[in-house]
Amino acid sequence: MRISQLFGKTQREIPAEADTISHQLLLRAGMIRQLTSGVYSYLPLAWRVLKKIENIVREEMDNAGGQELLLPALQPLELWQKSGRDLAFGQGLFTLSDRRDHKLALGPTHEEVITELVGATVQSYRDLPLRLYQIQTKFRDEPRPRGGLLRVREFIMKDLYSFDIDAAGLDESYNRMLQAYRNIYDRCGVPIRLVEADSGAIGGKDSHEFIAVAESGEDEVIYCDKCQYTANVEKAQSVKEKVEGGEPLPREEVSTPGIATIEEVSSFLKVTPNRTLKAVFYVADSKLIFIVIRGDLEVNEIKLKNALGSTELRLATSAEVAESGIIAGAASPVGIKNIKVIADDSITSATNLVAGANKPATHLRNVNYPRDFRTDLITDIAKAQAGDSCPRCGGKLSSIYGIEVGHAFKLGTVISQKLGAQFIDQSGLSRPIMMGCYGIGLGRLLAAAIEQNHDDKGIIWPAAIAPYQIHLCPLYREGSKVSEVAENLYTELTTQGLEVLFDDRQESPGVKFNDADLLGIPLRVTISPRTLEKNSIEMKKRTEKETQLVPLDEITERLKELSS
RNA sequence: CGGGGCGUAGCGCAGCCUGGUUUAGCGCGCAGCGUUCGGGACGCUGAGGUCGGUGGUUCAAAUCCACUCGCCCCGACCA
């Protein structure tokens, strides 16, 4: 491809919109352009990269026993109502009506469609297992698109769905996919961590995420320095240390004027935060919920949501709290009635705690559970934090951020049951099909590849997904043979089947080199009067600083070698 | 949806507070000509703007007011 004809221009300045690296570089390299929030056009360079990623994914899916197919993006809303996941997706579902006023959804994912299809097709255990996948555009009305391609509303995703007769079969499918995924990230030059995860709106039991470590990542990962334990904060557990508080003492009221937060309470009463009780208020499916947790801990909303089995959960507004007659800043579960109280199990690990007195400017000392208050549920709803102890080995937990570039779920039979996807087993009984699903966002993976492979000059494409392998960069000078040699070399290399991006523009060396660095093609080949004097061209890898001269008659061989 | 910010040429910005001297300006980019040519060269000439939209205030609005649309960032969601 000749740069003079390439659609898409490089830009020197960083667009103000972008503040993640991949977004900036994609824009500067002229690879993408935003149409509206969370919706992007892929210009030729980006599209080439995406197709490379897609092919890698396709190969690995095929190797893992997948069969590719294509499913409708336009899906009847009834199907979603049947599975009950219209509620789980809620606002995230793009919906529309046709001319007869039938409600449709733009597929945010395809479990329903594929399950309906497989249910209608599969009859016997002999038809299983099946692993079906599609690579296509999906739509989600994200609350907040961000970071360029990292989080968008219209995106190309590979989803594979596995159908097995039982849990053992699912395990096998699951493990094969995990391996296939490792291969994919490996080939794309994106190191990942396998992370235990919450299954979210998709539902199901076991779930793992593939996280590419990056500062711009939205996911926090808690991991153990000693053992293999690695989990998304949403799911991560940690050992809550016991706090020695001694034998329960009689409860006593103390006046605490102007004192509200845990920090204020603990410094005012001279107790450590882990000797206090924190009260937090949520609204779950329109009902106010009272949360109690030890003062040094934070509420993990995902855990809370799962514990409540609610579809909608948010912090209560101060007005809502006040309406229920609760005194903010001095609230406590002691004496609370008519409100559901959910407690983190940390409250059982300490005694003689400080809590609110449900009276203005008053707190209580020596509050003990269960002596002084009741709860409706006690479970783990605390957020694991770096510095906590590992739930598996007791080692120290640390935290990093990353981009979720893949997710695997053991769905089980939740959806197949709802949609009636069954098969006849060996004993002649009808049973729901055991399902798993495995997704990779291709555009996000592309962005993650940049997040992990760049320097201050630009992108450094891993060869397997680079839009071109060779950046041919002639430095023209009148009266020299540069042009002729470059043209010949371009023709020759292209004929040999090598992917060459040919900078045939009349630009100064600085412009050309900087663009080459920005575009990040693995190998730069410079031809100039200087190199021709030595009957050579110059080669430079994008990953290295050093250049080397290669004699003209060896070029083709060397380049074929290097870019194979 | 809550909080914050921003809409002026393809990109980055100034002008707005304190309406009129601006024919709306600067840099990059773009077009033409010439000189340059190993790390974003220079000169000259030139093209390009519904100042997000609507309504209002005013003799006069990019500038003030109201409404509205859009975009970005922080939180709840996810590949």
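The interatomic distance linking L26(A) (CG) with C11(B) (P) rounds to 17 Å, in whole Å.
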- Message: Using the rule given for side chain to side chain donor-acceptor pair (under 3.5 Å), can you reason through N183(A) versus Q179(A), listing the C-alpha separation, both sets of side-chain angles and the distance that settles it, and then say yes or no?
- Response: CA-CA 6 Å; N183(A) 298 344; Q179(A) 187 53 51; 3.0 Å; yes
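Among the nucleotides A79(B), G39(B), G75(B), the one closest to the side chain of N514(A) is G39(B). For E404(A), counting side-chain heavy atoms from C-beta on, the closest listed nucleotide (A79(B), C37(B), C71(B)) is A79(B).
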Filtered N/O pairs between nucleotides 12-15 of chain B and protein, under 3.5 Å:
unit_1: G12(B); atom_1: OP1; unit_2: A16(A); atom_2: N; d: 2.9

Below 3.5 Å is the cut-off: list the nitrogen or oxygen pairs between protein and nucleotides 46-52 of chain B, distance only.
none

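With salt bridges taken as basic N to acidic carboxylate O contacts below 4.0 Å, one links R542(A) and D455(A). Under 4.0 Å is where a charged nitrogen must lie from a carboxylate oxygen, and between E301(A) and K305(A) no such pair does.
By the side chain to side chain donor-acceptor pair (under 3.5 Å) test, K540(A) pairs with no residue at all, sequence neighbours left out.
Residue Q11(A) places no side-chain atom within donor-acceptor reach of the base of G29(B), judged by atom type and a 3.5 Å distance cut-off alone. Below the 3.5 angstrom threshold, one finds a donor paired with an acceptor across the side chain of R151(A) and the base of C77(B). Judged by distance alone, with hydrogens and angles left aside, R33(A) brings no side-chain donor or acceptor close enough to the base of C11(B) to form a pair under 3.5 Å.
For residues 524-539 of chain A, the pairs satisfying salt bridge (Lys or Arg N to Asp or Glu O under 4.0 Å) are R524(A)-E538(A), with sequence neighbours left out. Listed by first then second residue, pairs satisfying salt bridge (Lys or Arg N to Asp or Glu O under 4.0 Å) with a partner in residues 34-51 of chain A read R48(A)-E499(A), not counting sequence neighbours.
Dashed line: the shortest gap from a side-chain N or O of Q91(A) to OP1 or OP2 of A76(B) is not under 4.0 Å. Put simply, S508(A) has no side-chain N or O that comes within less than 4.0 Å of OP1 or OP2 on G40(B).
The aromatic ring of F155(A) stacks onto the base of A79(B), its centre lying under 5.5 Å from the centre of the six-membered base ring with the two planes under 30° apart.
Atom P of U57(B) sits at a distance of 31 Å from the matching atom of A14(B), rounded to the whole Å. Between C16(B) and U22(B), the two P atoms lie 13 Å apart (nearest whole Å).
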Donor-acceptor pairs are to be reported for all side-chain atoms of residues 8-23 of chain A against protein atoms at under 3.5 Å, with residues two or more places apart or in another chain.
unit_1: T10(A); atom_1: OG1; unit_2: D515(A); atom_2: OD1; d: 2.9
unit_1: T10(A); atom_1: OG1; unit_2: D515(A); atom_2: OD2; d: 3.2
unit_1: Q11(A); atom_1: NE2; unit_2: E13(A); atom_2: O; d: 3.4
unit_1: S22(A); atom_1: OG; unit_2: E451(A); atom_2: OE2; d: 2.7
unit_1: H23(A); atom_1: ND1; unit_2: G148(A); atom_2: N; d: 3.3
unit_1: H23(A); atom_1: NE2; unit_2: Y40(A); atom_2: OH; d: 3.4

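Heavy atoms of P474(A) sit nowhere under 4.0 angstrom from any nucleic acid atom.
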